[in-house]
Amino acid sequence: MIVACALSGCAQLIPPLGAPAADTEESKLDQAGKYLRSGEPEQAASLLAQAAKTKPSPQRETLLLQAAETVLQPETRNLARKYLSAIDEAVLPRNLFVRKRIASAELELLNQRVQHALDILPASILDYSPEYKPKALAVRARALRAAGDKENMVKTLVMLNPWLTDAVRKQENSHSVWETLMSADPGEITVWANRNHDCDMDAWLSLAYIQKQSHTDIFTLEDEIQQWRTQFPRHTIPAEIVDSITQNWATSQVAPDRIALLLPMTGRYSAIANAVYAGVITAREFEEAPGLPPQLVLYDTGDDADIAFRQYQLAVREGADFVIGPLQKEAVRAIAEQKQLEVPTLSLNYTNDALAGSQQLIQFGLLPENEAQQVAERAFHNNLRRALVLTPEGEWGTRLLDTFTVRFTELGGTVLQYERYIAKNSDYSGPIKKLLQLDQSEQRHRDIEQTIGQDAEFEPRRRQDADFVFLAALPRQARLLRPQLSYHYASDLPVYATSHIFSGNENTSADRDINDILYCDIPWLLSNSPEVELLRDSSELQLSSSESRLPRFAALGVDAYRVIPHLQRLTAHKYNQFEGMTGNLSISGQNRIFRKLTWAQFRNGRPEVQERPKLDFPRSFSTIVAYAENPQARQQACQ
């Protein structure tokens with residue numbers, strides 16, 4: 001490939017084999033060609049550079065450029081830099097200028113200087129030379145991939161497609177576009193669509209979004225694809241990509257006839273179990289699916305993990321072809337330790353470690369660590385780099401502290417200090433003063449008074465190096481901690497928290513004390529859509545007053561039932577999501593469901609959503625083009 005590429009660039013300057021081999025510049029070029037064909041690029045480049053010395057511009061620069069391209073490999077990249085640095089861009093015609101920039105960008109990629117490569121080959125010079133535009137687009141796409149800029153990489157590859165004449169390369173390029181879109185989440189694709197102004201890109205983004213949605217039946221999916229074909233009749237996406245969407249849906253559906261529900265309906269966790277059960281029943285009642293709903297059989301697992309496992313075995317013997325549960329960690333672990341499971345199983349909790357058990361087991365639940373990770377990501381996204389952490393003593397607080405610290409550090413942030421508080425107390429001034437270093441300020445004041453022998457005016461001053469506080473707390477503690485942070489001179493310091501600060505039931509008078517806290521929570525509690533309100537009302541009718549105070553577990557039951565048909569799709573495609581009531585659900589490589597939550601901030605004692613629980617993708621073309629300056633002209637051009 002190296003030889004072929006170099007020869008194509010040298011075709012006009014290197015004579016064919018068999019030409020006269022006098023001691024002239026032509027003989028050097030002839031010898032360079034022989035070295036290239038024999039796989040000796042350094043010798044070939046050296047002769048090209050020698051021949052360049054006696055040539056006028058732009059022949060001189062062309063030969064130097066050929067010499068650089070000949071040795072543009074990891075082991076000879078320093079030689080390539082030497083030849084490229086000898087070229088004066090000011091004397092180059094446009095086509096050679098672009099060619100030289102392409103080679104320079106490739107050199108920067110070899111040296112892992114991705115941003116330099118993008119700066120050398122900006123989008124603004126892509127139209128300078130039609131001859132070298134395909135190569136420029138391909139190299140720029142590589143640089144964007146290395147930079148992690150998926151949106152602009154896809155745009156660049158889509159731009160490249162019409163320039164490719166080789167059928168195999170065109171197919172490979174199209175599949176690179178599709179694979180990248182499949183690695184993006186629906187939210188990203190929505191954002192890209194809303195700021196896109198290109199017809200071809202619209203077609204790709206719309207099709208990718210259709211692929212990522214949760215369709216209840218094949219007819220709905222086929223109808224959406226037909227609408228897409230009508231909107232984009234001039235699309236150039238390969239037929240096998242379009243056809244794969246319905247094919248994948250048909251082969252990935254899970255449709256059980258008999259579902260066993262394993263819950264501790266008696267014992268310590270009975271209130272939680274009843275909330276989950278109400279959610280499952282509600283989802284089954286309102287599920288819109290063809291045919292009869294599956295039979296649902298309830299098995300009481302009590303408090304004993306051994307009993308839970310025996311009930312699991314009984315359920316399978318009695319004909320269950322899908323199992324939801326169990327709920328307790330110990331019971332989930334007992335099932336996870338089995339190398340083989342006869343039926344697909346969706347547990348309602350997680351093991352503490354990623355056991356390499358049966359692929360039939362998918363773990364799902366309200367994992368606090370999910371939320372701590374998202375707090376770290378949100379704060380870092382908001383350009384906050386230095387954190388203070390306040391968590392309760394005990395295992396729960398330790399898990400959130402450790403998870404937040406690891407994720408925030410991975411992203412490049414710094415945890416300046418953490419403190420632990422005793423949850424049952426009401427006065428948290430001790431840990432707060434330590435966290436804000438007010439205790440050090442007070443000690444300095446005492447030292448000064450002791451030195452001068454008299455009282456001195458004093459106003460404590462908190463540390464100024466922190467950007468925000470991560471607070472892990474339940475509602476009672478949060479309502480005490482936030483005012484005490486403000487009292488200790490930290491009213492201007494942003495506070496981020498997990499969903500645990502909110503009970504799930506509005507209490508505006510009490511929750512005014514947690515105003516301004518930014519926290520993540522589930523769409524079940526934050527959405528105002530009629531569908532969600534109907535489901536919430538229906539589940540609450542089945543619960544006692546104490547059980548209705550567990551709305552997040554009712555949402556867990558709803559999602560546990562509704563996600564079943566989509567589990568194979570989510571398992572097969574890492575970045576696909578299911579828009580659930582407990583968050584946007586995706587499945588990791590360890591068969592553990594991850595929930596992407598919604599962000600809200602307390603205002604006047606009520607949570608105010610910072611972003612919509614459900615992103616409304618601009619499905620119709622007229623909506624997509626509304627973002628363009630001239631939507632009518634653009635719609636006509638695309639159709």
Side-chain angles (χ1 to χ4, degrees), residues 256 258-287 293-312 314-315 318 320 322-332 334-335 345-350 362-368 396 474-475 499-500 502-507 521-527 531-564 580-583 585 593 595:
R258 180 184 172 101
I259 298 176
L261 183 56
L262 275 61
L263 288 172
M265 302 303 290
T266 56
R268 292 174 296 167
Y269 304 105
S270 60
I272 293 175
N274 275 286
V276 172
Y277 182 69
V280 172
I281 295 299
T282 299
R284 183 176 181 271
E285 179 182 353
F286 288 95
E287 184 69 7
Q295 181 184 7
L296 188 64
V297 183
L298 178 63
Y299 294 83
D300 183 8
T301 61
D303 287 336
D304 193 325
D306 291 335
I307 293 176
F309 185 62
R310 288 198 295 272
Q311 291 286 67
Y312 178 91
L314 175 62
E318 291 183 346
F322 194 96
V323 175
I324 297 176
L327 178 67
Q328 302 100 310
K329 274 185 177 293
E330 298 81 4
V332 175
I335 291 174
T345 302
L346 181 68
S347 68
L348 297 173
N349 210 327
Y350 301 83
I362 295 175
Q363 299 180 38
F364 179 37
L366 305 178
L367 191 66
W396 181 76
L474 298 177
S499 67
H500 306 90
F502 180 43
S503 68
N505 297 281
E506 282 196 6
N507 187 342
D521 212 335
I522 62 176
W524 181 260
L525 297 177
L526 297 177
S527 174
E531 176 197 16
V532 177
E533 289 182 354
L534 177 63
L535 291 171
R536 280 199 304 251
D537 292 344
S538 177
S539 67
E540 287 177 5
L541 289 173
Q542 304 174 51
L543 298 172
S544 66
S545 58
S546 62
E547 292 163 350
S548 65
R549 292 197 293 268
L550 299 167
R552 293 183 180 87
F553 286 99
L556 177 64
V558 171
D559 278 357
Y561 184 87
R562 295 180 71 180
V563 77
I564 290 174
M581 300 301 167
T582 59
L585 310 182
I593 290 182
R595 300 177 299 122

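Counting begins at 1 with the first residue of the sequence.
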Search all heavy atoms of [X] against all heavy atoms of [Y] and return the closest pair with its distance.
| X | Y | answer |
| --- | --- | --- |
| I324 | A560 | CD1-O, 3.9 Å |
| V280 | G557 | CG2-O, 3.4 Å |
| Y350 | K329 | O-NZ, 2.8 Å |

Restricting to side chain to side chain contact (heavy atoms under 4.5 Å, CB included), what partner residues turn up for [X], sequence neighbours left out?
| X | value |
| --- | --- |
| A320 | A260, A315 |
| P294 | I259, Y561 |
| A554 | W524, S539 |
| D300 | M265, T266 |

Under the salt bridge (charged side-chain N to carboxylate O under 4.0 Å, His left out) rule, collect the residues that match up with [X], sequence neighbours excluded.
| X | value |
| --- | --- |
| R552 | D521 |
| D559 | none |
| R536 | none |

Check whether any side-chain heavy atom of [X] lies under 4.5 Å from a side-chain heavy atom of [Y], and answer yes or no.
| X | Y | answer |
| --- | --- | --- |
| V532 | M581 | yes |
| L556 | F364 | yes |
| N274 | F553 | no |

Test side chain to side chain donor-acceptor pair (under 3.5 Å) applied to [X] - qualifying residues, sequence neighbours left out:
| X | result |
| --- | --- |
| D303 | none |
| T282 | Q542 |
| E533 | none |
| E506 | R606 |

With F502 via ring pair (Phe, Tyr, Trp, His ring centres under 6.0 Å) - residues at least two apart: F602
Sub-3.5 Å donor-acceptor pair from the side chain of Q328 to the main-chain atoms of G302, do we have one? yes
With a 3.5 Å distance limit and no angle check, can you tell me whether R595 reaches the backbone of G583 through a side-chain donor-acceptor pair? no
